Amino acid sequence: MPSKLTTGPDRLQLQRTTGSGFRPGERVEIISAGIVPADSEVADALEVEEGASVVQRRRRYLDEDGVIALSTSWLPGELAEAAPELIVTGPLPKMTFGLIEDRTGRRAVKRRDSVSIEELPEDVAPLLELAPGTPVLSMADHYWDQNGQITEYARDYMGPGRVLAAEYDLQ
């Protein structure tokens, strides 16, 4: 049976309900963090000019079955002024969502998830231990705060052997 997939939205819910964005047995490796110029995809998602300075954080989530996902988040560059930890390669105690809320009062209250099959980019493939161009499940997430301003755009590439499942109470 394929292993469960924990998505970015799952991690936000876990963080808010349990104080941890991880399921038992999960861990994270922070691959990189810093200020980068926004490419066209990121600029469009964050509603900034192409080439604008944005925060980029790349993480690899793992569990006992291997790589869960490679997740890259981009945030408006000005958030690095309020939360300089965003551009340091290291884990954040309350993850990105909690840090932004604590430092700025901007709470993620709305999200949009887009799921697609994407070919693995050259820079992502080795981190998933797959060949570049391999088709994998990808999820792009947009998050907005209580003022309707985008706080984060993320793209996750799912690890092999994972299943995306959702369960809802229908009342």
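For the numbers below, each heavy atom of this structure counts, side chains included, while hydrogens, waters and symmetry mates do not. Since the model is a prediction, treat every value here as computed from it, not as a measurement.
Atom CG of residue D113 and atom CG of residue D141 lie 4.5 Å apart, to the nearest 0.5 angstrom. In this structure, CG in D63 is found 5.0 Å from CG in D65, a value given to the nearest 0.5 Å. Atoms CH2 and CZ, on W144 and R112 in that order, are 4.0 Å from each other to the nearest 0.5 Å. Taking CE from M139 and OG from S114, the interatomic distance works out to 8.5 Å, rounded to the nearest 0.5 Å. Taking CD of E118 as the reference point, atom OG1 of T134 lies at 13.0 Å (rounded to 0.5 Å). We find the CG-CD distance between L79 and E85 to be 12.0 Å, quoted to the nearest 0.5 Å.
Contact check for Q146 versus V109: side-chain heavy atoms found under the 4.5 Å cut-off. Counting heavy atoms from C-beta outward, V136 and L130 have side chains that approach closer than 4.5 Å. The side-chain heavy atoms of H142 and K110, taken from C-beta on, include no pair separated by under 4.5 Å. Considering only heavy atoms from C-beta on, P91 comes within 4.5 Å of I30 through its side chain.
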Exercise for review: Report the C-alpha distance between M158 and S138 in whole Å, list the side-chain angles of each, state the deciding distance to 0.1 Å, and finish with yes or no for side-chain contact (heavy atoms from CB on, under 4.5 Å).
Suggested key: CA-CA 6 Å; M158 310 315 169; S138 178; over 6 Å; no
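Nearest approach of L128 to G159, heavy atoms of both residues: CD2-CA, 4.0 Å. Shortest non-hydrogen contact noted between A80 and I35 is CB-CD1, 4.0 Å.
A salt bridge links E129 to R60: at least one charged side-chain nitrogen sits closer than 4.0 Å to a carboxylate oxygen.
Checked by atom type and distance alone, the side chain of R106 pairs as donor or acceptor with a backbone atom of I150 at under 3.5 Å. For the pair T104 (side chain) and I100 (backbone), a donor-acceptor distance under 3.5 Å is present. Judged by distance alone, with hydrogens and angles left aside, the side-chain atoms of E47 form no donor-acceptor pair with the main-chain N or O of Q149 at under 3.5 Å. At distances below 3.5 Å, at least one donor-acceptor pair connects side-chain atoms of R103 with backbone N or O atoms of A82.
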Extract all donor-acceptor atom pairs below 3.5 Å that involve side chains of residues 66-73 and protein atoms in other chains or at least two apart in sequence.
unit_1	atom_1	unit_2	atom_2	d
S71	OG	R59	NH2	3.0
S71	OG	D156	OD1	2.6
T72	OG1	R58	NE	2.8
T72	OG1	R58	NH2	3.2
S73	OG	R59	NH2	2.7
S73	OG	E152	OE2	2.6

Residues 50-57, side-chain donor-acceptor partners within the protein, below 3.5 Å, at least two apart:
unit_1	atom_1	unit_2	atom_2	d
R57	NH1	L86	O	3.0
R57	NH1	V88	O	3.1
R57	NH2	G90	O	2.8

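Side-chain contact of Y61 with E29: a donor-acceptor pair under 3.5 Å is absent, judged by distance alone.
No chain of hydrophobic side-chain contacts below 4.5 Å, direct or via other Ile, Leu, Val, Met, Phe, Trp or Tyr residues, connects L99 to L46. I31 and L62 fall within the same hydrophobic cluster, where Ile, Leu, Val, Met, Phe, Trp and Tyr residues are linked whenever their side-chain heavy atoms come under 4.5 Å apart, directly or through other members.
Aromatic pair Y143/Y153: ring centres not closer than 6.0 Å.
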